[in-house]
Amino acid sequence: MRVLVTGGAGFIGSHVVDALRERGHDPLVYDVREDPGADVRDPAAVARALAGADAVCHQAAMVGLGDGVADAAEYVSHNDLGTAVLLAAMAEAGVRHLVLAGSMVVYGEGRYECARHGVVRPGPRAPEDLDGGRFEPRCPLCAESLLPGLVDEDAPADPRNVYAATKLAQEHLAAAWARSTGGSAVSLRYHNVYGPRMPRDTPYAGVASFFRSALARGEAPRVFEDGCQRRDFVHVRDVAAANTAALEASSAPGTLTAYNTGSGDPHTVGEMARSLAVAYGGAEPVVTGEYRLGDVRHITADSSRLRAALGWKPETGFGEGMREFARAGLRDG
């Protein structure tokens, strides 16, 4: 299969390209890192790149929390306009199979259960609570403590920042394309992806990159809040394998199917920082109490649907992955 991989020279995209080649496919890399003219917002360039393609794996995106709404237009341009241009070109070229790099950020906060009221959805955390070190969401009905759990794909979307809103818009655009063309679309809602080739310290890097970059500078990783926020850290090779599984699967025409893509083994951010520091041989992490308003407290995945539907399962455990990541080099950009 000939697969156009947008963002194919990036962190996740480059691993997807490797995985496709290992499975005997022919990946075509479309990435501004390799060719400044390879912009998904350029209709003519995208149309040329699609020539002869059987499917598209859309990894190109502007990622990370960003700067409030100050860079909203840039996020929308790269993520949503870029996706719209790509989908229009696919419709014209007759390419009918799409795998989209989705994200767990579309859910906002994860799944919570109150002892009195069952499953509830807490609203955004108040700045005054965060300033006072009260990081845990409370039940919106009785203000009691909540028990975090695994979120599944049927949970309602509730994006809490600009980046999250653009990732949800990408899914809506892909669903509209599928209905209009009879194509099949899969969105893999990535959880916290880490591993070799992760970009070093940038405003848009993930928390694992920030910690690893700090250790490389001889500094202690700085952990926000109290370090107890729960995440699902999934290795980049497992994410690449999920992409190949989705590309090779027979998907229902005219629809978009979303799959959580996580390890199924939640850990706290503080635990991840400590594991990485020990594996690297660096300084003990510092818990700062700082926070970012756009962050959510707990978000962990139920990835059983992906396992059942596509036969995928993660192969790299947390401890093994952190030891490898501690030794791996980081890339610029």
Side-chain angles (χ1 to χ4, degrees), residues 1-31 53-61 63 97-105 150 152-153 167 170-171 174 184-199 206 208-209 231-252 256-267 272 300-325 327-328 331:
M1 180 165 48
R2 195 168 173 84
V3 182
L4 180 68
V5 184
T6 69
F11 167 45
I12 298 175
S14 65
H15 284 277
V16 172
V17 168
D18 289 348
L20 286 168
R21 286 185 178 136
E22 288 170 6
R23 304 241 348 139
H25 299 296
D26 181 16
L28 307 171
V29 174
Y30 187 81
D31 196 305
D54 303 301
V56 172
C57 188
H58 185 30
Q59 305 292 318
V63 300
H97 193 19
L98 170 72
V99 174
L100 172 69
S103 175
M104 54 82 183
V105 295
L150 300 181
D152 65 24
E153 293 89 348
K167 296 306 290 184
Q170 283 185 310
E171 289 193 357
S184 64
V186 169
S187 178
L188 298 174
R189 291 175 175 169
Y190 301 160
H191 280 247
N192 289 71
V193 187
Y194 74 96
R197 305 179 204 160
M198 202 168 192
S209 172
R231 296 291 187 269
D232 185 319
F233 298 100
V234 58
H235 197 277
V236 66
R237 285 194 300 272
D238 289 328
V239 168
N243 276 270
T244 60
L247 285 162
E248 292 171 351
S250 297
S251 302
L256 177 138
T257 305
Y259 294 111
N260 288 335
T261 308
S263 70
D265 182 26
H267 292 268
M272 188 271 283
T300 53
D302 178 353
S303 298
S304 57
R305 183 177 295 180
L306 177 59
R307 295 178 185 230
L310 301 185
W312 169 89
K313 63 182 179 69
E315 300 290 346
T316 303
F318 179 78
E320 174 192 353
M322 287 297 151
R323 288 189 293 273
E324 180 196 21
F325 185 45
R327 298 188 301 268
R331 61 190 291 173

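All figures in this text were calculated on a predicted structure; none of them were measured in a lab.
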| With Val105, the side-chain contact (heavy atoms from CB on, under 4.5 Å) member among His191, Lys167, Arg189 |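 That would be Lys167; it is the only one of His191, Lys167, Arg189 passing the side-chain contact (heavy atoms from CB on, under 4.5 Å) with Val105.
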| task | Only one of Val239, Ile12, Asn243 passes side-chain contact (heavy atoms from CB on, under 4.5 Å) with Leu188; say which it is. | result |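 Single side-chain contact (heavy atoms from CB on, under 4.5 Å) partner of Leu188 among Val239, Ile12, Asn243: Asn243.
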| query | Are any non-hydrogen side-chain atoms of Arg307 and Pro314 less than 4.5 angstrom apart? | reply |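 Answer yes - side chains close enough.
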| Val3 and Leu28, any side-chain heavy atoms less than 4.5 Å apart |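 In short, these two side chains do not touch, never coming nearer than 4.5 Å.
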| task | Verify salt bridge (Lys or Arg N to Asp or Glu O under 4.0 Å) between Arg197 and Asp18, making sure each step is shown before the conclusion. | result | CA-CA 13 Å; Arg197 305 179 204 160; Asp18 289 348; 2.7 Å; yes
| So does Arg2 pair up with Asp26, basic N to acidic O under 4.0 Å? |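 Salt bridge: yes.
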| said: Determine whether the aromatic ring centres of residues Phe233 and His267 are separated by less than 6.0 angstrom. | reply: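 So the answer is no for these two rings.
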Between the side chains of [X] and [Y], is a donor N or O closer than 3.5 angstrom to an acceptor N or O?
X: Asp232; Y: Tyr190; answer: no
X: Glu315; Y: His235; answer: no
X: Asp31; Y: Gln59; answer: no
X: Asn260; Y: Ser303; answer: no
X: Asp302; Y: Ser304; answer: yes

| Donor-acceptor contact below 3.5 Å, side chain Trp312 vs main chain Thr261 |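 Checked: no pair found.
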| message | The test is salt bridge (Lys or Arg N to Asp or Glu O under 4.0 Å); show your working for Glu324 and Arg237 and say whether it passes. | response | CA-CA 12 Å; Glu324 180 196 21; Arg237 285 194 300 272; 2.9 Å; yes
| request: Mind listing the closest non-hydrogen atom pair of Gly8 and Val17 along with its distance? | output: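 Heavy atoms of Gly8 and Val17 come nearest at O-CG2, 3.7 Å.
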